[in-house]
Amino acid sequence: MGAFLPSEEEWDFLWCDVSWLRENFDHTYMEEHVRICHFRNHYELSRKNYLVKNLKRFRKQLEREAGKLEAAKCDFFPKTFEMPSEYHLFVEEFRKKPGITWIMKPVGRSQGKGIFLFRKLKDIIDWKKDGVRTDEQKDETQIETYVAQQYIENPYLIGGRKFDLRVYVLVTSYIPLKAWLYRDGFARFSNTRFTLNSIDDHYVHLTNVAVQKTAPDYDPEKGCKWMIQQLRQYLTAKHGAGSVEVLFADMDNIFIKSLQSVQKVIISDKHCFELYGYDILIDRDLKPWLLEVNASPSLVASSQEDYELKCHLLKDTLHIVDMEGRLTGKEKRVGGFDLIWNDGPVSREGNLGAPVNGNFMANTHLGCYNDRKQQLKQLFRTLSAQQTA
Ligand code: ADP
């Protein structure tokens, strides 16, 4: 979505891109009710190197304050080093595990641009020599920052193909942390069967739609997406409800821990909210890995189903941002969004926080049926009845 540049005229709500925010936020006066769709330093979560730096720091803090077991709940991102600043640390790690595959990703780009896989240090030396500047940067002294990340060599495959997940999380406040999880999302499949024999083939290894749609045998009719409900059903049929519940609870843990890792770093501001697109990869042991968090997830649709998902997602985001002041602030569900964190875990509707069979029932429904229309109708009917009473 392009930037909408407000003029001197009055505005109440701004859906802008992050570059507008960078240039204007600090010099813009905003009245109490005004809302804007990014936080000032969103990059603490959305740049690959900062995300990892914040997660590593948060892990250490948890280890100090709550012990090793709690800290281990942060072990959901592959081993990652910032390049070139952590080159020596990377080489140490590289030598400990000879023969495994690594992936190099430029921190400031997206859609799979500039990414390559490697197994030999020689490939990095070539990169250091001539790969560190983009064409525009050729004459500049500054070099482009990358991350070197352990490549997940055993992705979960369906029909022999790799996929990753896109899941949406809306944050309406960092202090206190208030986060909502959308019920819909999708899996993005590679068009080509997975193999570790051809590490240079992007169609095999990168599941970005932007990459896959350039494949020679890409079929726009078939596309390469599954709704997350379809995936959840498939996995449940294959592995049983219990294992799938653990997988989805592990994903919830990723959303919360990653947000907590930046909670004190992000400049919380009552005017700001942010809709994040999480990229998650599942491996063959049904363990989810966090690859990336996008602060401007693509809202371009690749099919009718995808178009509906994104329209509903935006509508429900606006319902929660609530410019009209219709909500009470106590809602646990609005349309397709469920409140998953409100300065602490949120229990399921109808369950007054009491544990069921010793288990706290978390208010998360990713990949469950999304009857948003019905829910909204009922919600707004109740709200207007309360108002007239
Ligand atoms: P970009 O911002 O360019 O999209 P990502 O980190 O999302 O970069 O990576 C692009 C794609 O590469 C992912 O969708 C995934 O398919 C693949 N990928 C990235 N990191 C890894 C990894 N550590 N292991 C396996 N596959 C990965």
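Remember, it's 1-based here, ligands and their atoms both numbered in the order they're listed.
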*Side-chain (K56) to main-chain (T80) donor-acceptor, under 3.5 angstrom*: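 At least one qualifying donor-acceptor pair exists.
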When you compare the side chains of [X] and [Y], does any donor N or O come within less than 3.5 Å of an acceptor on the partner?
| X | Y | answer |
| --- | --- | --- |
| Q111 | N208 | no |
| Q149 | K79 | no |
| Y151 | H205 | yes |

*Can you say whether the rings of F81 and W102 are parallel (under 30°), tilted (30 to 60°) or perpendicular (over 60°)?*
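Rings of F81 and W102: tilted, as their planes differ by 30° to 60°.
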*Is it the case that R326 places NZ or CZ above or below the six-membered ring of F380, under 6.0 angstrom from the centre and within 45 degrees of the axis?*
yes
Is there any protein N/O under 3.5 Å from an N/O of ligand 1, and what does the full list of such pairs look like?
residue	atom	partner	partner atom	Å
ligand 1	2 (O)	K48	NZ	2.8
ligand 1	2 (O)	E292	OE1	2.8
ligand 1	2 (O)	E292	OE2	3.2
ligand 1	3 (O)	Q111	N	3.3
ligand 1	3 (O)	G112	N	2.7
ligand 1	4 (O)	N208	ND2	2.6
ligand 1	6 (O)	K105	NZ	2.8
ligand 1	7 (O)	E292	OE1	3.1
ligand 1	14 (O)	D164	OD2	2.8
ligand 1	14 (O)	T207	OG1	3.1
ligand 1	16 (O)	H205	O	3.4
ligand 1	16 (O)	T207	N	3.0
ligand 1	16 (O)	T207	OG1	2.7
ligand 1	20 (N)	K105	NZ	2.9
ligand 1	23 (N)	Q149	OE1	3.0
ligand 1	23 (N)	Q150	O	3.0
ligand 1	24 (N)	I152	N	2.9
ligand 1	26 (N)	K162	NZ	2.9

